Amino acid sequence: MTGPDQPLEKSSYEPNPLGPNDVEVEITHTGICHSDLHLIEHEWEVSYPLVPGHEIIGLVKDLGNEVKHLKVGSRVGIGWQRSSCHACNFCLDGEEHYCLKQQATCVGNYGGFATSIRVDSHFAFEIPDELSSEIAAPLLCAGITVFSPFYNHKILATMSVGVCGIGGLGHIALQFAKAFGCQVTAFSSTPQKEKEAKTFGANDFVVSSDNQAMEKKKGSLDFLLVTTSENTNWEELIQLMAPQGILCIVGAPHAKIQLPVMPLIQFDLIVSGSHIGSPTVMKKMLEFSARHRVKPHVEVFPMQEVNGVIQKLKSHQIRYRAVLKN
Ligand code: NAP
Ligand code: ZN
């Protein structure tokens, strides 16, 4: 994409030189995350030319001479993060996603709507055999983003969990919540998603515009994951929380949130955010997904159809993740 409001075009570029710790991956599949759409629609800061794509699956084609953990031909996945400094305290603690020198796969670098990519091999993850490539692609961003809060907040099977926004992230979050053994409620602005949300793992489905149904859920949630790509009614969501509940935001509209103070004080609530996840948690998430048969619901399209697929995404026609195939 050469500038705002331009369609994506096919073009060629020279990759960065292959560093000693880098890996070159021949891309077979790339999921389209709503973050790609935020970039394409220049809702986030972006530099051009933009090559979106950060839910990448492919085969290792070449390796730097220091790389020990991968082989040529290994099937790997790459998510939002392509590198970190490996020297700061966050990196040394295994929290590389907080590194201030981290680089994103498709911001300031050319991403996964491509035939090949070179990244730091620490951010290329072997894909378990149980996961097909089209199923695995969305796990590399959507999957890790919704798994990491469950893992970090130590969510228990006894907890009542809500997922607000049943799109790419939300439909995977329902599957994780079920696999964690929780009582699960899906909150959606789209009544037509009820049947599928229940097959993904929701015990209950609430249409967010249904005031009576929302009222019944007041004070019930120990944990609420908000994945909506647009700003939402925060005052209504905070009322859903049980005492000491955690409302965790992962959806990233370019917006400010406004919350009433009283329920936060009265019920000791925690409002938090979460950004992707660390490489260690990524590996745990992939293994967990294989073992619990977590299966993103994907629609696969040839890479050449990318502009049409973006239009479908914009008009909410994708259920629940589009994956491009080379
Ligand atoms: P998506 O597939 O487009 O799903 C977003 C969902 O938000 C929609 O399916 C819809 O669910 C809901 N929604 C859309 N418009 C809405 C509106 N006007 N009001 C209320 N709800 C609305 O997007 P995604 O790929 O899941 O990404 C979701 C968000 O997460 C994006 O903002 C993305 O940038 C962000 N993200 C953050 C991270 C991170 O590290 N924190 C990582 C990846 C993505 P219903 O129909 O069920 O209401
Ligand atoms: Zn993403």
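Fair warning: this is a prediction, and the values are worked out from it, not measured in the lab. Whatever order the structure lists ligands and atoms in, that order sets their numbers, starting from 1.
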**Request:** Give the atoms of ligand 1, by number and element, whose distance to some non-hydrogen atom of G165 is under 4.0 Å.
**Result:** 11 (O), 47 (O)
**Prompt:** Quick one: does ligand 1 sit under 4.0 Å from the side chain of S229, the backbone, both or neither, non-hydrogen atoms only?
**Reply:** both
**Message:** Is the shortest side-chain heavy-atom distance between I246 and D222 below 4.5 Å?
**Reply:** no
**Asked** Among all protein non-hydrogen atoms, which one is nearest to atom 10 (C) of ligand 1, and what is the separation to 0.1 Å?
**Response** K193 NZ, 4.1 Å
**Asked** What is the closest protein heavy atom to atom 26 (O) of ligand 1, and at what distance does it sit?
**Response** L169 N, 2.8 Å
**Prompt:** For atom 42 (C) of ligand 1, what is the nearest protein heavy atom, given as residue, atom name and distance?
**Reply:** T145 OG1, 3.1 Å
**Message:** Suppose I only count heavy atoms of W44 and a 4.0 Å limit; which atoms of ligand 1 are within that range?
**Reply:** 34 (O)
**Request:** Find out whether M1 and P52 are in side-chain contact, i.e. whether some heavy atom of one side chain is under 4.5 Å from a heavy atom of the other.
**Result:** no
**Item:** Pair F200-K198, side-chain contact (heavy atoms from CB on, under 4.5 Å): steps then yes or no
**Value:** CA-CA 5 Å; F200 297 139; K198 288 187 171 165; over 6 Å; no
**Request:** Output, in order, the C-alpha distance, side-chain angles, deciding distance and verdict of side chain to side chain donor-acceptor pair (under 3.5 Å) for H54 and D36.
**Result:** CA-CA 8 Å; H54 59 275; D36 294 313; 3.0 Å; yes
**Request:** Mind telling me whether F147 and Y151 have parallel, tilted or perpendicular rings, with 30° and 60° as the class edges?
**Result:** parallel
**atom 44 (C) of ligand 1 [closest protein heavy-atom partner, distance rounded to 0.1 Å]** = S35 OG, 3.3 Å
**Asked** For A142, is the nearest heavy atom under 4.0 Å from an atom of ligand 1?
**Response** no
**Asked** What do you reckon, does F205 put a non-hydrogen atom under 4.0 Å from ligand 1?
**Response** no
**Complete:** Filtering G277, A322, S209, G167 for the heavy atom nearest atom 6 (C) of ligand 1 leaves G167
**Min N/O separation A252 to ligand 1 under 3.5 Å** = yes
**Request:** Decide whether an N or O pair under 3.5 Å exists between I166 and ligand 1.
**Result:** yes
**Fill in**
Quick look: H34 vs ligand 1, heavy-atom contacts under 4.0 Å, and the answer is both
**Asked** Is it true that W80 and L313 fall in one hydrophobic cluster, defined by side-chain heavy atoms closer than 4.5 Å?
**Response** yes
**Message:** Tell me how many protein N, O or S atoms are within a distance shorter than 2.8 Å of the Zn ion (ligand 2).
**Reply:** 3
**Asked** Would you say ligand 1 has an N or O under 3.5 Å from any N or O of I276?
**Response** yes
**Prompt:** Hey, is T232 one of the residues with a heavy atom under 4.0 angstrom from ligand 1?
**Reply:** no
**Prompt:** With backbone taken as N, CA, C and O and side chain as the heavy atoms from C-beta onward, which portion of S274 lies under 4.0 Å from ligand 1: side chain, backbone, both, or neither?
**Reply:** backbone
**Request:** Check the pair K193 / F205 against side-chain contact (heavy atoms from CB on, under 4.5 Å), numbers first and verdict last.
**Result:** CA-CA 9 Å; K193 291 182 180 174; F205 182 89; 4.2 Å; yes
**Prompt:** Does a donor on one side chain and an acceptor on the other come within less than 3.5 Å for N21 and H122?
**Reply:** no
**Message:** One thing to verify: whether E130 and R291 come together as a salt bridge, which I'm taking to mean a side-chain N less than 4.0 angstrom from a carboxylate O.
**Reply:** no
**Message:** Please evaluate residues S132 and E134 with respect to the criterion side chain to side chain donor-acceptor pair (under 3.5 Å), reporting the C-alpha separation (whole Å), side-chain torsions for both, the decisive distance (0.1 Å), and the verdict.
**Reply:** CA-CA 6 Å; S132 72; E134 60 191 50; 5.0 Å; no
**Item:** Between Y320 and E196, a side-chain donor and acceptor under 3.5 Å
**Value:** yes
**Item:** Check against side chain to side chain donor-acceptor pair (under 3.5 Å), K101 and S84
**Value:** CA-CA 6 Å; K101 292 184 180 157; S84 73; over 6 Å; no
**Message:** So that I know where these two stand, are F180 and F150 an aromatic pair - ring centroids less than 6.0 Å apart?
**Reply:** yes
**Fill in**
the protein heavy atom lying closest to atom 20 (C) of ligand 1 turns out to be T228 CG2, 4.1 Å
**Request:** Could you check atom 31 (C) of ligand 1 against the protein and tell me its nearest heavy-atom contact, residue, atom and distance included?
**Result:** H38 NE2, 3.4 Å
**Message:** Side-chain heavy atoms nearer than 4.5 Å, only ILVMFWY residues, links allowed to pass through others: does that put V226 and L174 together?
**Reply:** no
**Message:** Using a 4.0 Å cutoff against the non-hydrogen atoms of G168, which atoms of ligand 1 qualify?
**Reply:** 1 (P), 2 (O), 4 (O), 26 (O)
**Asked** Nearest protein heavy-atom contact for atom 15 (N) of ligand 1: which residue, which atom, what distance?
**Response** E230 CG, 3.3 Å
**Complete:** Numbered in order shown, the ligand 1 atoms found under 4.0 Å of a heavy atom of C141 are 42 (C), 43 (C)
**Asked** What is the minimum heavy-atom distance between R75 and P128, and which atoms define it?
**Response** NH2-O, 3.1 Å
**Request:** With heavy atoms of S188 as the reference, note each atom of ligand 1 found under 4.0 Å away.
**Result:** 45 (P), 46 (O), 47 (O), 48 (O)
**Message:** Suppose we call two aromatic rings close when their centres sit under 6.0 Å apart. Are H38 and H254 close by that rule?
**Reply:** no
**Item:** Stepwise side-chain contact (heavy atoms from CB on, under 4.5 Å) check, L286 with I127
**Value:** CA-CA 7 Å; L286 290 168; I127 301 299; 4.3 Å; yes
**Request:** For atom 37 (C) of ligand 1, grab the closest protein heavy atom and report residue, atom and distance to one decimal in Å.
**Result:** V250 O, 2.9 Å
